[in-house]
Amino acid sequence: VIFSMDETHMEGLADALSCNPGSSLKSLDMEPSMEFASWKHLADAIRFHTRLESLEVSVVANTFDEADAAAIVLAELLQVNTTLTHIVNKTNDTLNVAEETVNGPVLDALLANKSLIKLRFFEEDPLFWMAKDAILKRNKECFDDNEDGNGRQAFFDQYVSFATLLPGFKQKMCAYC
């Protein structure tokens, strides 16, 4: 039996979450599949949720445009929410996002976000994965250092500098193909 999240139920959940942004909820794991509209409601509701650290969802898209829109919503969430450390889409292998979206708004949001240490949301090409991995490594090292009280400036990490070059590097390399 396949069960999917009804949009009206998601709206109710989103309203409850947005009315209580300081709640003690730290982890939200939703198994039923949700379409783009439901994902947008949920992401809007947790934009300013100050305690939620882990989010697991099953976002599906009916079209490539919806998949891109879902990734843009993710990017917007990453730019605003500074407490989320883990975001996982359990159906990431079926969410195919355009390269321009991944290497544009999503990568920009990842570079700006310093709290996320795990992200698996859509099907990733190897170069994006390398950039993402470097950025998440920077965040994890910074998080670990802050836990120890060192507070190292991980933002200038050599891996992150390399990660920022990957989209341009990929375009240049593909020009020779």
Side-chain angles (χ1 to χ4, degrees), residues 1-23 25-133 135-136 139 163 166-167 170-171:
V1 175
I2 296 175
F3 179 78
S4 61
M5 184 63 99
D6 181 79
E7 188 176 344
T8 56
H9 292 138
M10 183 55 73
E11 287 177 12
L13 174 64
D15 288 342
L17 287 171
S18 63
C19 290
N20 196 3
S23 75
L25 180 67
K26 288 189 169 203
S27 180
L28 182 59
D29 185 346
M30 301 181 67
E31 186 64 36
S33 296
M34 66 178 75
E35 293 188 1
F36 169 72
S38 294
W39 163 240
K40 181 153 177 38
H41 288 304
L42 180 62
D44 288 345
I46 61 174
R47 285 174 66 107
F48 301 105
H49 201 284
T50 58
R51 306 237 186 202
L52 190 64
E53 296 173 5
S54 177
L55 176 64
E56 291 193 31
V57 292
S58 296
V59 177
V60 295
N62 295 321
T63 65
F64 289 116
D65 288 342
E66 278 187 4
D68 279 356
I72 300 263
V73 168
L74 170 70
E76 292 168 352
L77 178 62
L78 291 175
Q79 290 176 342
V80 176
N81 189 304
T82 58
T83 59
L84 280 169
T85 59
H86 295 75
I87 300 176
V88 174
N89 177 14
K90 297 174 186 179
T91 57
N92 66 304
D93 56 339
T94 63
L95 198 62
N96 296 311
V97 178
E99 204 172 309
E100 299 80 32
T101 303
V102 170
N103 292 323
V106 175
L107 189 59
D108 291 344
L110 271 174
L111 282 166
N113 184 298
K114 296 178 186 73
S115 61
L116 198 66
I117 57 176
K118 181 176 184 180
L119 175 66
R120 193 175 68 230
F121 196 81
F122 46 79
E123 185 68 31
E124 299 173 359
D125 68 57
L127 285 177
F128 175 79
W129 179 86
M130 286 175 42
K132 177 194 83 166
D133 191 50
I135 294 165
L136 298 181
N139 293 351
L166 282 176
K170 185 176 180 181
Q171 288 174 340

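The shown structure was predicted, so the numbers you read here are calculated from the model rather than taken from an experiment.
Under the side-chain hydrogen bond (donor to acceptor under 3.5 Å, both in side chains) criterion, Glu124 pairs with Lys132, not counting sequence neighbours. Glu76 meets the salt bridge (charged side-chain N to carboxylate O under 4.0 Å, His left out) test with no other residue; sequence neighbours excluded. Here Ala61 pairs with Glu66, Ala67, Leu95 under the side-chain contact (heavy atoms from CB on, under 4.5 Å) rule; sequence neighbours left out. The side-chain hydrogen bond (donor to acceptor under 3.5 Å, both in side chains) test applied to Ser54 returns no partner, not counting sequence neighbours. Contacts of Lys26 classified as side-chain contact (heavy atoms from CB on, under 4.5 Å), with partners at least two apart in sequence or in another chain: Glu53. Considering only residues two or more places apart in sequence or on other chains, Asp29 meets the salt bridge (charged side-chain N to carboxylate O under 4.0 Å, His left out) condition with Lys90. With sequence neighbours excluded, no residue satisfies side-chain hydrogen bond (donor to acceptor under 3.5 Å, both in side chains) with Asn92. Scored by the side-chain contact (heavy atoms from CB on, under 4.5 Å) test, Asn113 finds Leu78, Ser115, Leu116, Asn139 as partners (sequence neighbours excluded). Applying the side-chain contact (heavy atoms from CB on, under 4.5 Å) rule to Ala98 yields the partners Asp68, Glu100, Thr101; only residues at least two apart in sequence or on another chain are considered. With sequence neighbours left out, Thr94 forms a side-chain hydrogen bond (donor to acceptor under 3.5 Å, both in side chains) with no residue at all.
Contact annotation: the side chain of Ile135 never approaches that of Leu119 to less than 4.5 Å [non-hydrogen atoms, C-beta and beyond]. Looking at Met34 and Val60, their side chains never come closer than 4.5 Å, going by heavy atoms from C-beta outward. Phe48 places a side-chain heavy atom less than 4.5 Å from the side chain of Val80. Put simply, the side chain of Asn89 does not reach to within 4.5 Å of the side chain of Leu74, judged on heavy atoms. Side-chain contact between Phe36 and Val73: present, with at least one pair of heavy atoms (C-beta onward) separated by less than 4.5 Å. You'll find the side chain of Ile117 reaches within 4.5 Å of the side chain of His86, heavy atoms only.
Identified under the salt bridge (charged side-chain N to carboxylate O under 4.0 Å, His left out) test for residues 38-49, with sequence neighbours left out: Lys40-Asp44. Applying the ring pair (Phe, Tyr, Trp, His ring centres under 6.0 Å) test to pairs two or more places apart or on separate chains, those with a residue in residues 101-121 are Trp39-Phe121.
Residue Leu55 holds its CG atom at 9.5 Å from CG of Leu25, rounded to the nearest 0.5 Å. The distance from the CG atom of Asp125 to the CE atom of Met130 is 10.5 Å, given to the nearest 0.5 Å. In this structure, CD on Glu99 lies 8.5 Å from CG on Leu127, to the nearest 0.5 angstrom.
Closest of all the heavy-atom pairs between Val59 and Val57 is CG2-CG2, 3.6 Å. Contact between Glu31 and Ser58 at its shortest, heavy atoms only, is O-OG, 3.1 Å. Nearest heavy-atom pair, Thr83 versus Leu52, reported as atom, atom and distance to 0.1 Å: OG1-O, 3.0 Å. Nearest heavy atoms, Ile87 versus Leu84: CD1-CD1, 3.9 Å. Across all non-hydrogen atoms, the minimal contact from Asn81 to His49 is ND2-O, 3.4 Å. The shortest heavy-atom contact between Val106 and Ala71 is CG2-O, 3.7 Å.
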